[in-house]
Asker: 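Let me begin by handing over the structure; questions about it come next.
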Amino acid sequence: MEPRPEYPRPRLRRSAWVSLNGEWEFGAGDTPTFDRRILVPFCPESELSGVGEPPGDVVWYRRRFEAPQAECVQLHFGAVDYRATVWVNDVEVARHEGGHTPFSADISTVSRARDNLLVVRAEDPLADQTIPRGKQYWKEIPETIFYTPTTGIWQTVWLEPLPARHIKSLRVRPDLDAGAIEFDVDGEGRIELVATLDHEVVGRWAGLAGRGRMRLDSGVPWHPDSPRLYDLQVRLFDQDGHESDRLDSYFGLRKVETKNGRFWLNGEPYVQRLVLDQGYFPGGLLTAPSDAALRRDIELARAFGFNGARKHQKIEDPRWLYWADQLGFLVWSEMPSFHKHSAEAERRLEFEWREGVLRDRDHPSVVAWVVANESFGLEGVEPSARASFLVRMYGLTHVLDPTRPVVSNDGWEHALTDLCTIHDYSPPADLSRRYRRVETALEQGGGDHPVYGPGFGYRGEPIMVTEFGGLRIAGSGGWGWLEVADEDQFLREYRLLIDALMEPGPVEGFCYTQLADVEQERNGLLTFEREPKLRPDLIRPLTQIPKSR
């Protein structure tokens, strides 16, 4: 069976497409030898790839394909880590830098109907810590909080046949208060948009491609308790009035704000109960073994009582965001960090972050952007230089998307930020003392690090403890933040941890560490193989202990 056969771009769908996942020729080194086989889209370090070992810094892929008949043929890559060069029939068609974001190439002029040769070179220097790599370790053996790296292709590769005149992009901005959407359609000619809810038409707009606004007959909000989604069909017409292209999409009407020290969802205060999700999978590492595995992670998190996740140091597969939209699961999207600072490291991160925000800003599940984590890669940097970078990234993110809060440096040493997020792995009794008042929360949160960097301070942002807990049952191997003797003590300590944050005080939400074990890190509610360590029905009521005022 073809691996990962589902449509890879669920928010912008067309009926015709061709997956290039499956077996490719593979080789490693500066000179391509293609002496092995690999199963795309799994990286060579993963078991599911059929290679299952570190390949070195440079890898090569090759396969033949038949091109679909069309006026325009687009070749898409979901993600290739880190630098990619692509040739079709010995003609270079694309170069891309950035390990977590998609890129495409128009291969219409170089492809033929049959027997096309596709070659991909990927370079991912393991020792280069200026590359935004997140939790991918730069040494040979994973340790502490860092895991096996990913090299080369790790998301779906596919072909898309298109007419010469087609819709190039679609941007949708919901306006819950007005019961409307604003949109941008990049194309040439007349377009028609039709919005439906439960198969009933609730909005229609026609005119020239570009920017427009469509009122809806009914404004039903998207919410974790009721994730109602509107379907949206966009059609482009030629000069004779015939349909030349069609996109199927969806959107959710929802609104997020931070004000008066609280997070607001759809005009009402809302307590976020998040879980830290590293996005690593058994067998596939960064690549989920199946679409069902992506969905199941969200279903398991919801079963434990969480209403969302902070996707940690990873720009996740769009299919995971699709399931978050469908199932009603809040998402904090976080940029993978570099781990050694330089001007080039800043440039690389800014470029990739821009691509990530542009890709994901129309997902209703995404409610916050996280630019940096715990000053990763910024340790030892002059505080003014660190602040300058964080403020620039904060501003850039707001320019790309002014509708969501932005976290400048999750954990500590914040610059400008819309949420005051603190990491604190203290025992429950310490948490209970610390988070009764704003003053003590800001004094000691973040361990040895100040919550705000020099020149910055608390401005009334909602306070959230976005890493805590990390309970590990003794004898389970690996390591964790807080050790407990058995399942009974786990439940007692978990209750005390949640109680400590939900008691009267300034904390308006949390993110528990973590959803699943990853390799040597054994502080998940699930094993790495996604088996619950404790019954979800025992954890759920504790996760949902009400906030006391």
Asker: With no hydrogens and no angle check, is any side-chain donor or acceptor of Gln74 less than 3.5 Å from a backbone partner on Ser104?
Answerer: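 The answer is no, because no donor-acceptor pair under 3.5 Å joins these two groups.
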Asker: Taking Arg4 for its side chain and Gln155 for its backbone only, find out whether a donor-acceptor pair lies under 3.5 Å.
Answerer: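 No, Arg4 side chain to Gln155 backbone: no donor-acceptor pair under 3.5 Å.
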Asker: So, Asp128 and Lys340, do they make that salt bridge, N to O below 4.0 Å?
Answerer: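 Judged by the 4.0 Å cut-off on N to carboxylate O distance, Asp128 and Lys340 do not form a salt bridge.
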Asker: Find out whether Pro532 and Phe304 are in side-chain contact, i.e. whether some heavy atom of one side chain is under 4.5 Å from a heavy atom of the other.
Answerer: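 Yes; the side chains approach each other to less than 4.5 Å.
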Asker: Closest heavy-atom contact between Val73 and Ser108?
Answerer: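 Smallest interatomic distance, heavy atoms only, reads N-OG, 2.9 Å.
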Asker: Decide yes or no for Asn409 and Ser375: does some side-chain heavy atom of the first lie under 4.5 Å from some side-chain heavy atom of the second?
Answerer: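 Of all side-chain heavy-atom pairs linking Ser375 with Asn409, at least one is under 4.5 Å.
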Asker: Minimum heavy-atom separation for Tyr425 and Gly470, please, with both atom names.
Answerer: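 Of all heavy-atom pairs spanning Tyr425 and Gly470, the closest is CE2-N, 4.3 Å.
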Asker: Taking the side chain from Arg254 and the backbone from Asp175, do they hold a donor-acceptor pair closer than 3.5 Å?
Answerer: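 No, the answer is negative, given that no donor and acceptor are paired below the 3.5 Å cut-off.
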Asker: Between Asp517 (side chain only) and Gly478 (backbone N and O only), is there a donor and an acceptor less than 3.5 Å apart?
Answerer: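 A pair under 3.5 Å: no.
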Asker: Would you tell me whether Tyr494 and Thr543 have side-chain atoms, one donor and one acceptor, within less than 3.5 Å of each other?
Answerer: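 Yes, Thr543 and Tyr494 have a side-chain donor paired with an acceptor closer than 3.5 Å.
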Asker: When rounded to the nearest 0.5 angstrom, what is the spacing between CZ in Phe263 and CG in Asp418?
Answerer: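 Going from CZ on Phe263 over to CG on Asp418, the span is 11.0 Å.
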Asker: Side chain to side chain contact (heavy atoms under 4.5 Å, CB included) between Arg310 and Asn373: does it pass, once the steps are laid out?
Answerer: CA-CA 11 Å; Arg310 175 172 154 236; Asn373 175 74; 2.6 Å; yes
Asker: Do you know the tightest heavy-atom contact between Pro55 and Pro44?
Answerer: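 Smallest interatomic distance, heavy atoms only, reads CG-CG, 3.6 Å.
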Asker: Which is it for Glu299 and Arg302 under the salt bridge (Lys or Arg N to Asp or Glu O under 4.0 Å) test, yes or no, and what are the steps along the way?
Answerer: CA-CA 5 Å; Glu299 291 174 335; Arg302 285 172 54 85; over 6 Å; no
Asker: If the condition is side-chain hydrogen bond (donor to acceptor under 3.5 Å, both in side chains), which residues does Arg472 pass it with, not counting sequence neighbours?
Answerer: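 Expected list: Glu483.
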Asker: Ignoring hydrogens and geometry beyond distance, is a side-chain donor-acceptor pair present between Glu92 and Thr85 at under 3.5 Å?
Answerer: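 The criterion, which ignores hydrogens and geometry beyond distance, is not satisfied for Thr85 and Glu92.
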Asker: Relative to the ring of His223, is the ring of Tyr270 parallel (under 30°), tilted (30 to 60°) or perpendicular (over 60°)?
Answerer: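 The arrangement is perpendicular - the two ring planes meet at more than 60°.
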Asker: Could you check whether the rings of Phe103 and Phe77 sit parallel, tilted or perpendicular, using 30° and 60° as the cut-offs?
Answerer: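 Answer is parallel, since the angle falls under 30°.
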Asker: So, do Val256 and Pro405 sit near enough that their side-chain heavy atoms are less than 4.5 Å apart?
Answerer: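 When only atoms from C-beta onward are counted, Pro405 and Val256 do touch, with a gap below 4.5 Å.
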Asker: For the pair Arg121 and Glu123, evaluate salt bridge (Lys or Arg N to Asp or Glu O under 4.0 Å) and give the outcome as yes or no after the intermediate values.
Answerer: CA-CA 7 Å; Arg121 179 187 187 272; Glu123 181 183 8; 3.5 Å; yes
Asker: Report yes if the side chains of Arg171 and Asp186 come closer than 4.5 Å at any heavy-atom pair, otherwise no.
Answerer: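 A side-chain contact is absent here, since even the closest heavy-atom pair is not under 4.5 Å.
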Asker: How long is the gap from CD on Glu23 to OG on Ser49, to the nearest 0.5 Å?
Answerer: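 Going from the CD atom of Glu23 to the OG atom of Ser49 covers 11.5 Å.
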Asker: Just do the side chain to side chain contact (heavy atoms under 4.5 Å, CB included) check on Asp317 and Leu294 with the steps written out, would you?
Answerer: CA-CA 9 Å; Asp317 186 324; Leu294 293 169; 4.1 Å; yes
Asker: Is the ring centre of Phe34 less than 6.0 Å from the ring centre of Phe26?
Answerer: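 No, the ring of Phe34 stays outside the 6.0 Å limit from the ring of Phe26, centre to centre.
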Asker: Start with the C-alpha gap between Arg348 and Glu352, add the side-chain angles, then the distance that decides, and say whether salt bridge (Lys or Arg N to Asp or Glu O under 4.0 Å) holds.
Answerer: CA-CA 6 Å; Arg348 289 169 168 171; Glu352 192 168 350; over 6 Å; no
Asker: Kindly assign one of parallel, tilted or perpendicular to the pair His341 and Phe338, based on the angle between their ring planes and the thresholds 30° and 60°.
Answerer: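 Ring orientation of His341 relative to Phe338: tilted.
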Asker: Could you point out which residue of Lys135, Glu519, Glu45 forms a side-chain hydrogen bond (donor to acceptor under 3.5 Å, both in side chains) with Thr148?
Answerer: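 Testing Thr148 for a side-chain hydrogen bond (donor to acceptor under 3.5 Å, both in side chains) against Lys135, Glu519, Glu45 leaves exactly one candidate, Glu519.
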Asker: If I take atom CH2 from residue Trp412 and atom CD1 from residue Ile422, how far apart are they, to the nearest 0.5 angstrom?
Answerer: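 Rounded to the nearest 0.5 Å, the CH2-CD1 separation comes out at 11.5 Å.
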Asker: Side chains of Leu276 and Phe306: does their closest heavy-atom pair fall under 4.5 Å?
Answerer: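 The answer is no; the side chains never approach within 4.5 Å.
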Asker: Looking only at heavy atoms, which two atoms of Tyr230 and Val220 are closest? And how far apart?
Answerer: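 Nearest pair, atom of Tyr230 first, then Val220: OH-N, 2.8 Å.
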Asker: Quick check with a 6.0 Å cut-off and a 45 degree axis cone: is Arg14 positioned over the face of Tyr7's six-membered ring?
Answerer: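 Not satisfied by the 6.0 Å and 45° rule.
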Asker: Trp60 vs Trp87 aromatic rings, parallel, tilted or perpendicular, using cut-offs 30° and 60°?
Answerer: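 Plane angle under 30°, so parallel.
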Asker: Parallel, tilted or perpendicular, judged at 30° and 60°: which one describes the rings of Tyr137 and Phe146?
Answerer: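 Taking Phe146 first and then Tyr137, their aromatic rings lie parallel (interplane angle under 30°).
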Asker: Do Tyr61 and Ile38 touch side chain to side chain, with heavy atoms closer than 4.5 Å?
Answerer: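 With C-beta onward as the side chain, the pair touches.
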Asker: Is the cationic atom of Lys311 (NZ for Lys, CZ for Arg) positioned less than 6.0 Å from the six-membered ring centroid of Trp332 and within 45 degrees of its normal?
Answerer: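 Cation-pi check for Lys311 and Trp332: fails.
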Asker: Cut-off 3.5 Å, side chains only: do Asn116 and Ser111 have a donor facing an acceptor?
Answerer: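 No.
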Asker: Is the closest side-chain donor-acceptor distance between Thr156 and Asn21 under 3.5 Å?
Answerer: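 Yes - a donor-acceptor pair under 3.5 Å links their side chains.
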Asker: Are the side chain of Ser46 and the backbone of Phe42 linked by a donor-acceptor contact shorter than 3.5 Å?
Answerer: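 A pair under 3.5 Å: no.
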Asker: As a quick check of understanding, evaluate salt bridge (Lys or Arg N to Asp or Glu O under 4.0 Å) for Arg540 and Asp537, giving each step before the final call.
Answerer: CA-CA 5 Å; Arg540 182 182 181 87; Asp537 64 306; over 6 Å; no
